[in-house]
Amino acid sequence: MKVFVCISHVPDTTSKINFTENASEFDKTGVQFVINPYDEFALARAMWLKEKQGASITVISVGDASVESSLRKSLAIGADDAIRIDAEPTDGLFVAHQLAAVLKEHACDLILTGRESIDYNGAMVPGMLATLLDWNFINACVGLEIENQTATALKEIDGGTETLSATLPLVIAGQKGMVEEKDLRIPNMRGIMMARKKPLTVLAPIAIESSTHANRFEKPAAKSACKLVDASDVDGLIALLHKEAKVI
Amino acid sequence: MSVVVYAETSEGNFKNTALEAVSYGKKVAEQMDLPLIALTVNATNPAELSRYGADKIVKINHADLNSFNAKIFAGIVQQVAERENATVVVVDSSSNGLYLAPILAIKLSAGYASNVVAAPSSIHPFVIKRKAFSNKAFSHTEIKSDKKLIGLAKNSFGVFENPTTANEEDFSPEICSSEVRSTAINKASGNVSIADADVVVSGGRGLKGPENWGLIEELAAVLGGATACSKPVSDMGWRPHGEHVGQTGKPVASNLYIAIGISGAIQHLAGVNASKVKVVINTDPEAPFFKAADYGIVGDAFEVVPKLIEKLRDFKAQNS
Ligand SMILES: Cc1cc2nc3c(=O)[nH]c(=O)nc-3n(C[C@H](O)[C@H](O)[C@H](O)COP(=O)(O)OP(=O)(O)OC[C@H]3O[C@@H](n4cnc5c(N)ncnc54)[C@H](O)[C@@H]3O)c2cc1C
Ligand SMILES: Nc1ncnc2c1ncn2[C@@H]1O[C@H](COP(=O)(O)O)[C@@H](O)[C@H]1O
């Protein structure tokens, strides 16, 4: 089984979000970039398929040379090889087209992605990629088993879960639950050494227009100070929530 | 040309998110001087949508469409959008809306903006405001393509009445085949889901252990709300994954979010910024959550919460 894992390279979750002077771009100064947290769950599940069922794993990312740190980390975790498509990921549609163009040229049974990337929060690349490839798509996956080319996936729905079944090839977008938090992989020294020798191929992008453009960014308005209520005065809190905030 | 809204039903009824999407669609339609067409599948009372401004209601009724399938439903919305020559299509951000929208975007060749929180600030060029960086910022995004698909963030625009006399029309779409089969649905019955809840009561590591969750559940029950938790709480298995709120968990966009024994780490706050009113109960006055909250009590959850439950019961008894 051949598995591709799509890796998005995003600001670390603790990052302070700032923009360049005219607010037209995200200010990357001093920001640490990491593998998108949801993609870590996808990669850990792919590693499980590799170890238990002999799958081979390619990690793929659309981005400039800086994304190679996340690809190298993925190789150190255990992916077999990596592909970088050398283009600025301008929007979800653009990324989906770039990935689809490469995936059409490769034999592949399963594409694992994260539910969304935590930077632009599009939640669009996986569904678009599946549709461009004319493959089936399962979103919000919180559990995955594969047997004889058939996937059984647990999908989160509002208020519960749904069990879905489909044959490969598939695009599956996952989140925590695909593996448990404790089963996320941290690269060890041997993995890091081996990653240096694993192939990382850089491909040129295809020519495609993005359909959206972020013209300007804005930070939420500063909020007014928290009103403190004495611990002995829960009636006071109830009155504020009822009369002032009007939420109860 | 038209604006088309997909108004999702759950067991035949419109959810609040669907009515919000129709209210939003009306605003966009007015701005563009176009008719608003609402599309429903197996709705018990489709006429309800005329109260929120639909000029035409396209009704689809089919026994095969009682359970949701993203590819099939995307195909249906596509057919209606093409039939009505839609320039703008609006869907909500329920888990089904989020699932079908990217599929629909490709089928329609529409530029897609998700997490949209406001009506377009301009029509030429078409610019909307959307959430980005996990609620830490907004982006004013231009949709450049001719056709536009908008995913409306929950609880961001509001539900507005705008009564019209709508034509109703039945439509029988082609139903494509899907190889993704649903074999079971497991819903915790009786509980309000975080996505649907107006009130969310959330507990953190400050509650010490799963045996104390009765406090959270009881407070949520009094308020008719959902229960939630911080990430370490679900990592330790005190609570199910589906309850973990934050940048890497569920986003909460409720009217009221009550955080009990949660410190307010940046990753947690990212998931609750979109809630309208935030209340924190924490023993530590220096906890960062106090900077993000609207109301706070510095105190021990094990003393404050039981009192709060009791007083809220009295309050509810008097005010209902
Ligand atoms: C990549 C990454 C992603 C993450 N994503 C998320 C996320 O999505 N969501 C999330 O929640 N976290 C996330 N985290 C974890 C986050 O950084 C914090 O560790 C976590 O939110 C802390 O949870 P907590 O507030 O329950 O626990 P703590 O930080 O331990 O806080 C417990 C609080 O309870 C208070 N307390 C103690 N006793 C009492 C009492 N008797 N009564 C009242 N208050 C009391 C304490 O004063 C303290 O403020 C992420 C971390 C990383 C690295
Ligand atoms: N630039 C990218 N390169 C590779 N995969 C990506 C990229 N951006 C997003 N993805 C994948 O698509 C998922 C959803 O991202 P998004 O649609 O941007 O929210 C991510 O979790 C990744 O798996």
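Values reported hereafter were calculated over all heavy atoms of this structure, with side chains retained and with hydrogens, waters and symmetry mates removed. Residue numbering restarts at 1 for every chain, and letters A, B, ... go by the order of the sequence lines.
- Of the listed residues (A:Asp235, A:Asp233, A:Asn36), the greatest number of heavy-atom pairs within a distance under 4.5 Å of chain B belongs to A:Asp235.
- At a 4.5 Å heavy-atom cutoff, the contact between A:Ile17 and chain B is made by side-chain atoms alone.
- B:Asn135 touches chain A through its backbone: at least one of N, CA, C or O sits under 4.5 Å from a heavy atom, while the side chain does not.
- One finds the CG atom of B:Leu312 at 11.5 Å from the NE2 atom of A:His242 (value rounded to the nearest 0.5 Å).
- Taken to the nearest 0.5 Å, the CG atom of A:Asp134 stands 6.0 Å off from the NZ atom of B:Lys71.
- Interface remark: A:Pro126 contributes no atoms to any contact with chain B (heavy atom separation under 4.5 Å).
- Between chain A and the options B:Ala184, B:Ser114, B:Ser145, B:Ala265, the largest number of non-hydrogen pairs under 4.5 Å is found for B:Ala184.
- Closest approach of B:Gly249 to A:Tyr38, counting heavy atoms only: O-OH, 3.6 Å.
- Of the N and O atoms on the side chains of A:His213 and B:Lys144, not one donor lies less than 3.5 Å from an acceptor on the other residue.
- Both the backbone and the side chain of B:Asn186 come within less than 4.5 Å of a heavy atom in chain A.
- Shown here for A:Lys176 and B:Ser234, the closest heavy-atom pair between the two residues is NZ-OG, 2.6 Å.
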Go through A:Lys182 and B:Asp235 one step at a time and tell me if the side-chain contact (heavy atoms from CB on, under 4.5 Å) criterion holds. CA-CA 8 Å; A:Lys182 61 174 172 33; B:Asp235 290 345; over 6 Å; no
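- Proximity to chain A is absent for every atom of B:Ala70, based on heavy atoms less than 4.5 angstrom apart.
- Interface remark: A:Ala130 contributes no atoms to any contact with chain B (heavy atom separation under 4.5 Å).
- Using a 4.5 Å cut-off between heavy atoms, B:Ala101 does not touch chain A at all.
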Walk me through whether A:Asn215 and B:Thr141 qualify under side-chain contact (heavy atoms from CB on, under 4.5 Å). CA-CA 6 Å; A:Asn215 291 352; B:Thr141 297; over 6 Å; no
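- Proximity of B:Phe133 to A:Ser15: side-chain heavy atoms (C-beta onward) are nowhere separated by under 4.5 Å.
- Contact annotation for B:Lys231: both backbone and side-chain heavy atoms come within less than 4.5 Å of a heavy atom of chain A.
- Within residues 298-308 of chain B, the residues that have a heavy atom under 4.5 Å from a heavy atom of chain A are B:Val298, B:Gly299, B:Val304, B:Lys307, B:Leu308, listed by number.
- When the candidates B:Ala113, B:Gly151, B:Gly111 are compared by the number of heavy-atom contacts under 4.5 Å with chain A, B:Gly111 comes out ahead.
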Could you walk me through whether B:Val180 and A:Ile138 pass side-chain contact (heavy atoms from CB on, under 4.5 Å), step by step? CA-CA 8 Å; B:Val180 178; A:Ile138 295 176; 4.3 Å; yes
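- With a 4.5 Å cut-off on non-hydrogen atoms, B:Ile185 touches chain A through its backbone and its side chain both.
- Residues of residues 154-167 of chain A lying under 4.5 angstrom from chain B, judged on non-hydrogen atoms, are A:Leu154, A:Lys155, A:Glu156, A:Ile157, A:Asp158, A:Gly159, A:Gly160, A:Thr161, A:Glu162, A:Thr163, A:Leu164, A:Ser165, A:Ala166 by number.
- Within 6.0 Å of CD in A:Glu209 there are 12 or fewer heavy atoms belonging to other residues, nucleotides or ligands.
- B:Ser139 and A:Ala214 make their closest contact through OG-CB, 3.6 Å (heavy atoms, listed as atom of the first residue, atom of the second, distance).
- There is no contact between B:Ala270 and chain A, counting heavy-atom distances below 4.5 Å.
- Note on A:Arg216, A:Met124, A:Lys219, A:Lys246: by heavy-atom pairs under 4.5 Å with chain B, the leading option is A:Arg216.
- In this structure, no portion of B:Val192 lies under 4.5 Å from any heavy atom of chain A.
- Residues satisfying the ring pair (Phe, Tyr, Trp, His ring centres under 6.0 Å) test with B:Phe290, not counting sequence neighbours, are none.
- Interface summary for chain A: among B:Ala292, B:Gly242, B:Ser178, B:Ala197, the most heavy-atom pairs under 4.5 angstrom belong to B:Ala292.
- Residues B:Ile297 and A:Leu228 fail the side-chain proximity criterion, which asks for heavy atoms closer than 4.5 Å.
- Residue B:Lys147: no heavy atom, backbone or side chain, is found under 4.5 Å from chain A.
- Near-neighbour residues of residues 108-123 of chain A relative to chain B, defined by a heavy atom under 4.5 Å from a heavy atom of that chain, comprise A:Arg115, A:Ile118, A:Asp119, A:Tyr120, A:Asn121, A:Gly122, A:Ala123.
- Of the inter-residue distances, the one linking A:Ser211 atom OG with B:Asp146 atom CG reads 11.5 Å to the nearest 0.5 angstrom.
- When side chains are defined from C-beta on, A:Lys16 does not count as touching B:Lys136, because their heavy atoms never get closer than 4.5 Å.
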Step by step, would you call A:Thr212 with B:Tyr112 a side-chain contact (heavy atoms from CB on, under 4.5 Å)? CA-CA 7 Å; A:Thr212 63; B:Tyr112 170 40; over 6 Å; no
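- Residue A:Phe41: no heavy atom, backbone or side chain, is found under 4.5 Å from chain B.
- A distance-only check finds a donor-acceptor pair linking the side chain of A:Lys223 to the backbone of B:Ala293 [under 3.5 Å].
- Residue with the most contacts toward chain B among A:Ala153, A:Gly92, A:Ala231: A:Ala231 (heavy-atom pairs, distance under 4.5 Å).
- The aromatic ring centres of B:His140 and A:Phe217 sit 6.0 Å or more apart.
- Your options are B:Lys107, B:Glu310, B:Lys250, and the one with the most heavy-atom pairs under 4.5 Å with chain A is B:Lys250.
- Annotation: maximal heavy-atom pairing with chain B below 4.5 Å, among A:Asn139, A:Thr13, A:Val247, occurs at A:Thr13.
- Comparing B:Ile103, B:Ile143, B:Asn255 by heavy-atom pairs within less than 4.5 Å of chain A, the highest count is held by B:Ile103.
- Chain A forms more heavy-atom pairs under 4.5 Å with one residue of B:Ile266, B:Val279, B:Asp196 than with any other, namely B:Ile266.
- Heavy atoms of A:Gln175 lying under 4.5 Å from chain B are absent altogether.
- Interface summary for chain B: among A:Pro37, A:Ala151, A:Ser210, the most heavy-atom pairs under 4.5 angstrom belong to A:Ser210.
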